[in-house]
K.L.:
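Here it is, the structure in full.
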Amino acid sequence: MTALYDVAAIGNAIVDVIAQCDDAFLDAQGLVKGSMALIDTARAASLYDAMAAGIEASGGSAANTLAGVASFGGKAAFIGKVADDQLGRVFTHDMRAIGGVFTTPPLAEGPATAQCLINVTPDAQRTMSTYLGACVELTAADVDQAIIEGAQYAYLEGYLFDPLEARRAFAKAAALSHGAGRKIAITLSDSFVVDRHREALLGFVETQCDVVFANASEVCALFQTDDFDAAVKELAKRVEIAAVTRSEKGSVVASGEHFHEISAFPVEKVVDTTGAGDQYAAGFLYGLSQGRSLADCGKLGSLAAAEVIAHYGPRPQVKLRDLAAQNGL
C-alpha cells in the first residue's frame, strides 16, 4: 500500500522560549545543566520572569523532527495535544506552515498549551524546564488510524512515556502501524525518562519498536552501564535498527551484526544544541523512508544536526533538501 506520509509522529506539542544565560543563573534557579525538568504552572511563571529576553518558537521534540523531515522534502503528519488558546493556535499554524498535517482536536477547557523554558549557556548546553499543560491530556482516542496506517514510519517521543494515557496511545499506534505492515520508531528522549521508566520502556522497545534513537547517556542509562559500546550492542540485539548519537563524536548506527560509525559534520561554531537529536532523527528517518542505506541515513542525520546547532532554535533555518544536495547526499 502506498504511504500517505513518510513519517507520522506522536509527541508533545510545545512552544519553546529560548534565552541565553550563564552558569550562575542556573545555580541560582536550582537548574541542572543539560537536563530537562518538568515544572508546574507557578514555577513556569517565576522562571519565565527571571529569564533574559529570548525567542519564542514552536517546538516539542517529535514536532521538531517533523519540521526537519518536511525540510528534506518529506511528507509529515503530527499527533499531539494543544489547548484552544493563543499558544495552541501558534503551534497549529506553525505545524501547518511547514507542510505538516495536524488535525488533533484542541482541548476546549483545562490546562494551557505546553511551554518549554530553555536556558542556553555560553558552551551551547541547553537546560530545559517544561510545563506540559495540555500535552498530558493526549489519549489513545487522539491516535488517528488513517494517519498511522498511512505512514511508513510512526515516530514516538519518549517524553510522552510519563503519562499513562499517552502510553496507551503508543500501544494503539504500534498495533495500527504493524498491522498495516509499517514500522515504529521511538526516541528515548532523556536519560531521566529512562531512569523513571526503565523496565516498562525496555519492554516496549523490545516488543513494539523497530528503530530506536538515543544519545550516549540515554542508551547507557537504559542498560545501567558506563560502557557505551556494550550498551549499543545490547540495544542492537533488541531492535532492527539502533541509531545512537554522541555529540561531536558523531553517531553509531547498528543493525544486527553490522555497525556503522558516522562522523559529525563540521560546524564553524556551536551556538545552541537545542534540537540536535531531533534533527538527527529527521535526517535518519527521511533517509529510511527514501530507501537509503543506513550509512547515508546517518550522514543525513549528522547534516541536519549540524545545521540546527549553528543557530538558536530547534528547527532548520535553511532547506535541508538543498543542503543535502550541496553535500552530495
Side-chain angles (χ1 to χ4, degrees), residues 5-19 36 44 48 53-108 111-118 120 126 128-138 142 144 147 151 155-157 159-160 187 189 271-283 285-286 304-305 307-323:
Y5 310 103
D6 297 308
V7 183
I10 301 177
N12 286 326
I14 300 175
V15 177
D16 290 338
V17 180
I18 307 170
M36 194 288 287
Y48 181 87
I55 61 171
E56 295 186 359
S58 291
S61 176
N64 293 338
T65 293
L66 283 191
V69 170
S71 186
F72 275 110
K75 296 171 290 184
F78 182 72
I79 295 171
K81 209 71 172 175
V82 297
D84 186 12
D85 57 16
Q86 179 59 29
L87 287 184
R89 288 185 283 275
V90 167
F91 183 93
T92 300
H93 170 271
D94 288 352
M95 180 55 65
R96 293 172 180 169
I98 64 169
V101 171
F102 179 40
T103 58
T104 310
L107 277 180
T113 296
Q115 57 183 292
C116 183
L117 306 178
I118 304 175
V120 184
R126 82 282 187 274
M128 301 181 289
S129 302
T130 304
Y131 166 64
L132 289 175
C135 284
V136 298
E137 302 299 319
L138 182 81
D142 292 310
D144 188 310
I147 286 177
Y155 178 64
L156 311 178
E157 180 182 324
Y159 284 127
L160 265 175
T187 172
S189 291
V271 175
D272 173 19
T273 56
T274 307
D278 302 337
Q279 295 311 320
Y280 179 89
L285 287 170
Y286 176 73
E307 189 281 336
V308 83
I309 64 176
H311 58 74
Y312 284 106
R315 297 186 177 184
Q317 291 186 352
V318 301
K319 278 288 183 186
L320 293 176
R321 176 172 50 190
D322 296 339
L323 199 58

K.L.:
List the steps, then state whether side-chain contact (heavy atoms from CB on, under 4.5 Å) holds for V271 with H311.
P.N.:
CA-CA 5 Å; V271 175; H311 58 74; 5.5 Å; no

K.L.:
Measure the CG-CZ distance between N64 and R315 for me, rounded to the nearest 0.5 Å.
P.N.:
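Answer rounded to 0.5 Å: 5.0 Å.
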
K.L.:
With no hydrogens and no angle check, is any side-chain donor or acceptor of E307 less than 3.5 Å from a backbone partner on Q317?
P.N.:
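Confirmed, E307 side chain pairs with Q317 backbone.
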
K.L.:
Within the side chain of K81, is there an N or O that forms a donor-acceptor pair under 3.5 Å with the backbone of P105?
P.N.:
yes

K.L.:
Tell me the closest heavy-atom pair linking A77 and I147, and the distance in Å.
P.N.:
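Scanning both residues, the minimum pair turns out to be CB-CG2, 3.8 Å.
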
K.L.:
Can you see which heavy atom on G11 is nearest to which on A62, and at what distance?
P.N.:
CA-CB, 4.0 Å

K.L.:
Looking only at atom types and distance, does a side-chain atom of R96 sit under 3.5 Å from a main-chain N or O of F102, one as donor and one as acceptor?
P.N.:
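At least one qualifying donor-acceptor pair exists.
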
K.L.:
Going by the side chain to side chain contact (heavy atoms under 4.5 Å, CB included) test, name the single residue among L138, L132, V82, T130 that passes it with N12.
P.N.:
L132

K.L.:
Considering only heavy atoms from C-beta outward, does the side chain of R89 approach that of D84 to under 4.5 Å?
P.N.:
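They are in side-chain contact.
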
K.L.:
Any chance you could measure Y155, atom OH, to T65, atom OG1, to the nearest 0.5 Å?
P.N.:
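Reported value, rounded in 0.5 Å steps: 4.0 Å.
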
K.L.:
Where the side chain of T92 meets the backbone of G88, is there a donor-acceptor pair that is under 3.5 Å apart?
P.N.:
yes

K.L.:
How far does CG of D6 sit from CZ of F72, to the nearest 0.5 angstrom?
P.N.:
12.0 Å

K.L.:
For the CD1 atom of I118 and the CD1 atom of I14, what is their distance to the nearest 0.5 Å?
P.N.:
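Result: 8.5 Å between the selected atoms.
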
K.L.:
Quick check: closest heavy atoms across P316 and G68, and the distance to 0.1 Å?
P.N.:
CG-CA, 4.0 Å

K.L.:
Atom CD of Q279 and atom OG1 of T274: how far apart are they, to the nearest 0.5 Å?
P.N.:
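Reported value, rounded in 0.5 Å steps: 11.5 Å.
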
K.L.:
Looking at V69 and Y286, what are the two nearest heavy atoms and their distance?
P.N.:
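Minimum heavy-atom separation between V69 and Y286: O-CD1, 4.3 Å.
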
K.L.:
Is the side chain of T113 donor-acceptor paired with the backbone N or O of A83 at a distance under 3.5 Å, no angle test?
P.N.:
yes

K.L.:
Quick one: CD on Q115 to OH on Y131, what's the gap to the nearest 0.5 Å?
P.N.:
8.0 Å

K.L.:
Tell me the closest heavy-atom pair linking A19 and A53, and the distance in Å.
P.N.:
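The pair with the smallest heavy-atom distance is CB-O, 3.9 Å.
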
K.L.:
Using the benzene-type ring in the case of Trp, are the ring centres of F91 and F78 under 6.0 Å apart?
P.N.:
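Under 6.0 Å, so yes.
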
K.L.:
Determine whether the side chains of D142 and T104 contain a donor N or O and an acceptor N or O closer than 3.5 Å.
P.N.:
no

K.L.:
So which heavy atom on L87 is nearest to which on V15, and how close?
P.N.:
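Where L87 meets V15 most closely, the heavy atoms are O-CG2, 3.8 Å.
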
